[in-house]
Enquirer: 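Below is one structure. I have some questions about it.
Naming: A, B, ... by sequence-line order, numbering from 1 per chain.
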Amino acid sequence: MKIRTRLLIFFSGIYISILILFGTFFYLRIIAVLQQNVYEKNNEMVQMIQKAIIFQDLKNTDAIKEFKDKIPKMPGEMATPLERVWATFYTDDFQYIFGTNLAKKYPLDTSRIDLTKKSSRYIFENIEDPNFQSDEKNRVISVVSSMKLENDYIKVYLVTAIPITNEVKNFQKVGTTTFNAVFFLVIITIIAGIVFIQYTLQPIRKITHTLHSISKDDLSQRLPLINEQDEIGELTSSINQLLGRLEKSFYHERQFISDISHELKTPLSVMRLSLEPALNNDKLTDEEIEKIGVILENLYSMDVLIRKLLYLSRLEQDVCPFHPESINILDLIKKVHSNLHSLADSKGLDFKYHVSDKELLISGDNDLLYMALFNIIENSIKYTDKGSVLLLVESLKNYVSISVEDTGIGIAHNELENIFEKFYRIDSSRSRKQGYGIGLSIVKRIILLHNGKIEVESIPDVKTVFTLKLPR
Amino acid sequence: MNILVIEDNIRISDNILLILKNEGYNVVVEEHGDSGYKNALVNQYDLIVLDIMLPGMSGYEILEALRANQVKTPVIVLSAKSQVEDKVKALDLGSDDYLTKPFAPTELLARVRSVLRRQYDVASSSIHIGELNINTHTKELDISGKKIPLTSKEYELLEFLAYNHGKVVSRIAIGEHIWGESLDLFTMSNFIDVHIKNLRKKIESVANHKYIQTKRGVGFILKEEN
C-alpha cells in the first residue's frame with residue numbers, strides 16, 4: 001500500500017474516531033437531558049395531581065372522580081391545568097377509574113402498552129388537538145409513566161402521558177444536522193488530507209521521475225535540492241552523492257576500456273604499418289612475402305577483435321548512440337541479403353528470404369539492427385557448408401519475428417544457452433572458423449537494447465534456427 | 001577510402017557525411033575534440049576533415065598533437081574563420097589544405113581528391129595504366145576510349161589499386177579501404193574475391209592485356225601484364 005494511502009487512512013481514522021466519539025457523547029447527553037426533562041415534567045404533574053386530590057386522605061376510589069373541580073384556573077388561561085394534562089387512574093388490577101379530559105378523549109390502547117412498566121414510549125395516533133402536541137402525521141409521541149400510589153386505604157395506579165413530540169422532532173433535527181455536519185467535515189478532511197499529502201510527497205515523485213530519466217540519458221544530471229533540512233532533502237543529497245560516485249566509476253570503466261583498446265591498437269598499428277611495405281620488397285622471396293601476408297592477416301584479425309570488444313562494451317554500457325526511427329524490416333532484410341548473398345554463393349548455399357507483409361515497421365536504430373542481422377546471417381553462412389540459409393519474417397500481434405534457419409553443423413543442446421556468452425566458441429573442429437565468439441554477444445545486446453528477445457534451436461548436423469523477436 | 005570527419009555541428013557533419021558517402025567514401029564522424037583525436041590516433045584513415053572550433057581539444061591542438069605523434073594522415077581543415085592568420089596557422093601546424101565555411105560541395109570533393117592524389121603520388125585526376133584510363137573525378141573507367149560500366153564498389157577497388165599502381169596491395173588493405181567497417185577476414189576475403197573476379201571479367205572482355213595480378217597469399221597488383 002502506498003505511504004500516502006497509509007497516512008491518509010491513519011489520520012482520517014483518528015479524526016473520524018474522534019468525531020464519532022464526540023457525536024456519540026453529544027447524542028447520549030441530549031438523550032439524558034431529554035429524559036431528565038420528561039422526568040421532571042412528570043414529577044411536576046404527579047405532584048400537582050396528588051395535591052389536588054389530597055391523595056393522603058382518600059378513602060375510596062370514587063373520590064378521585066371529583067378532583068377535577070379542585071384545581072383552579074390560572075389567570076389568563078383558557079383551560080385549567082388539568083385539562084392540559086393526560087392522566088388516568090387505574091385500580092390495582094388496571095381497571096379504569098378516572099381520567100382527565102385529554103385522557104378521556106384519547107384513551108390508551110392497553111394492548112399496545114404494558115402498564116406495569118414504570119415508563120414506556122407510546123404513540124397516540126390521529127390527534128389534532130391544541131392541548132396535545134402532535135407532529136405532521138398527527139401522532140403524539142409520549143412517555144407514559146405508570147406510578148403506583150398507596151395510602152392506608154387504597155392502592156391505585158396513576159398513569160401519565162407526557163408528550164415529547166416536539167422534543168423528538170427537535171432532537172431529530174439536531175441529529176440530522178450534526179450527522180450532516182460530521183459527514184461533510186469528514187469528506188473535507190479527507191480531501192484536504194489528500195491534497196496536503198500529495199503536496200508534501202510531491203518532491204518524492206519529482207525525484208523518482210528525474211532518476212528515471214537519469215539512468216537512461218547521462219549520469220551528469222543531479223536531483224534539484226529544495227529543502228536541505230527535511231527528510232526528502234537528506235535523501236536527495238545522498239542520491240546525488242551516489243550518482244556522483246556512479247558517474248565517476250562509469251567514467252573510469254569507460255576510460256579503462258578505451259585506454260586498453262588504445263594500448264592494444266597502437267602496437268598493432270605500428271606492426272601493420274611497418275610490415276606492409278615489406279610486401280613490395282623485391283629482396284624477399286615469394287614465400288617470405290606470403291608469410292608476411294599471413295602475419296598481416298592475423299594482425300588485422302586482432303584489430304577486428306579489439307574493435308568488436310570495444311563496440312560490445314560500449315553497447316553494454318549504453319554509451320553507443322541509439323537513434324530510434326521507424327524502420328521497414330523488408331528494406332533492412334534486402335540490404336543484408338544483397339550484401340551477403342555473394343558470401344553464400346561462394347559456398348554454394350541457397351540464400352533466400354520471405355516476408356509476410358510488405359510493410360513491417362518497427363522502431364529501432366537502423367545501424368544497430370543492420371549490424372545484428374548481418375552478424376547472425378554471416379554466422380549462419382560461416383557454419384553451413386551445404387544447403388541453405390533461409391530468412392523468414394513474420395508479423396505477430398505485438399512483435400515482428402525474424403527467423404534465420406540454416407542447414408549447418410548445428411549446436412549441441414547443452415551448449416545452446418552459452419553461445420551468446422563472450423568468447424564462447426564451440427570447441428574442436430570449429431576452431432578453424434573465425435569469429436572470436438563476440439558476434440553473437442553483440443547481436444544479443446543489440447536485440448536487448450531494442451527490448452526484443454532472441455532464441456535459438458538446433459539439431460546438430462541438421463539445422464539451426466535463430467529467432468529474433470522485436471516489439472512493434 | 002576512409003575519411004574521418006571531426007565536426008561538432010551536426011547539420012554540417014551530416015551534410016559532409018552525405019556528400020562524401022555519395023562519392024563512395026567511407027565516413028566516420030566524431031563530434032568531440034578529445035574523442036576525435038583519439039580516433040585519429042588509433043585508426044588508419046586516408047583523410048581527416050577537421051573543424052577548428054570543437055568542444056574539448058581544438059582543431060589546432062589536434063593537428064599539432066597528431067603531427068607530433070607521427071601521424072601522417074592528410075588533413076583538410078574546415079573553418080568559419082577566413083582570416084589569413086587562421087589559414088597560415090593551420091597550414092603551418094601541418095594541415096594539407098584549408099576550406100572555409102560555407103563551402104560548395106563540389107569544392108570539398110575536389111580538394112579531397114586533390115589531397116588523396118598527393119598522398120598516393122598521382123599526378124592528375126586521370127590515371128593511365130596501359131589501355132586503362134581511370135578518371136578519378138568522374139569515377140569512370142574507359143579502356144582505349146571505350147567506357148566500361150562499373151558498380152561503385154568495383155570502381156573503388158580499381159581506383160585504390162590504381163592509386164597503388166605497380167605495388168602489391170594486401171587484401172586487408174583493400175578490405176579496410178573499400179568496406180570500412182571491420183569485417184571478419186572470412187567475409188572480407190569473399191567480398192574481395194567476388195569483386196576482383198567481376199572486375200577482371202569486365203576488363204578482360206575489352207582490353208588486350210590483363211591488369212589485375214594476384215599475389216598469392218597476400219593480395220593484388222594493378223599493372224599491365226607483360
Enquirer: Starting at CG of Leu299(A), measure out to CD1 of Ile172(B) and round the result to the nearest 0.5 Å.
Expert: 7.5 Å

Enquirer: Let me know if Lys153(B) has heavy atoms under 4.5 Å from chain A in its side chain, its backbone, both or neither.
Expert: neither

Enquirer: Looking at Val42(B), Val168(B), Leu41(B), which has the largest count of heavy-atom pairs under 4.5 Å with chain A?
Expert: Val168(B)

Enquirer: With sequence neighbours excluded, what pairs up with Tyr25(B) under the ring pair (Phe, Tyr, Trp, His ring centres under 6.0 Å) test?
Expert: none

Enquirer: Can Met188(B) and Glu297(A) be said to form a side-chain contact (heavy atoms from CB on, under 4.5 Å), step by step?
Expert: CA-CA 11 Å; Met188(B) 179 206 281; Glu297(A) 285 192 346; over 6 Å; no

Enquirer: Nearest 0.5 Å please: distance from the CZ atom of Arg216(B) over to the CG atom of Asp286(A).
Expert: 8.5 Å

Enquirer: Among Asp303(A), Leu279(A), Leu343(A), Asp345(A), single out the residue with the greatest number of heavy-atom pairs under 4.5 Å to chain B.
Expert: Leu343(A)

Enquirer: For Lys167(B), does its backbone N or O pair with a side-chain atom of Asn280(A) as donor and acceptor, under 3.5 Å?
Expert: no

Enquirer: Does a sphere of radius 6.0 Å around NZ in Lys197(B) hold more than 12 heavy atoms from other residues, nucleotides or ligands, not counting ones at 6.0 Å or beyond?
Expert: no

Enquirer: Can you confirm whether Lys382(A) sits close enough to Asp184(B) that some side-chain heavy atom of one is under 4.5 Å from a side-chain heavy atom of the other?
Expert: yes

Enquirer: Do NZ/NE/NH1/NH2 and the carboxylate oxygens of Glu176(B) and Arg307(A) come within less than 4.0 Å?
Expert: yes

Enquirer: Does Leu448(A), at its CG atom, have more than 12 non-hydrogen atoms belonging to other residues, nucleotides or ligands within less than 6.0 Å?
Expert: yes

Enquirer: Let me confirm one number: the CZ-CG distance from Arg171(B) to Leu296(A), rounded to the nearest 0.5 Å.
Expert: 12.0 Å

Enquirer: Shortest non-hydrogen contact from Glu290(A) to Val218(B)?
Expert: CA-CG2, 4.0 Å

Enquirer: Counting neighbours of CD on Glu325(A) that are heavy atoms of other residues, nucleotides or ligands and sit closer than 6.0 Å, is the number greater than 12?
Expert: yes

Enquirer: Which value, rounded to the nearest 0.5 Å, describes the distance between Phe186(B) atom CZ and Ser301(A) atom OG?
Expert: 13.0 Å

Enquirer: List for me each residue that meets ring pair (Phe, Tyr, Trp, His ring centres under 6.0 Å) alongside His450(A), sequence neighbours excluded, and say none if there are none.
Expert: Phe322(A)

Enquirer: Assess the residue pair Asn190(B) and Ser342(A) against the criterion (side-chain hydrogen bond (donor to acceptor under 3.5 Å, both in side chains)); give the C-alpha distance rounded to whole Å, side-chain angles, the decisive distance to 0.1 Å, and a yes or no.
Expert: CA-CA 7 Å; Asn190(B) 169 266; Ser342(A) 66; 3.3 Å; yes

Enquirer: What are the two closest heavy atoms between Leu340(A) and Thr187(B), and how far apart are they?
Expert: CD2-CG2, 4.2 Å

Enquirer: Can you find a heavy atom in the side chain of Gln44(B) that is under 4.5 Å from one in the side chain of Leu273(A)?
Expert: yes

Enquirer: Check Tyr300(A) against Leu183(B) and note the closest heavy-atom contact, atom names and distance.
Expert: OH-O, 2.9 Å

Enquirer: Distance from Asn43(B) atom CG to Ser269(A) atom OG, nearest 0.5 Å?
Expert: 8.0 Å

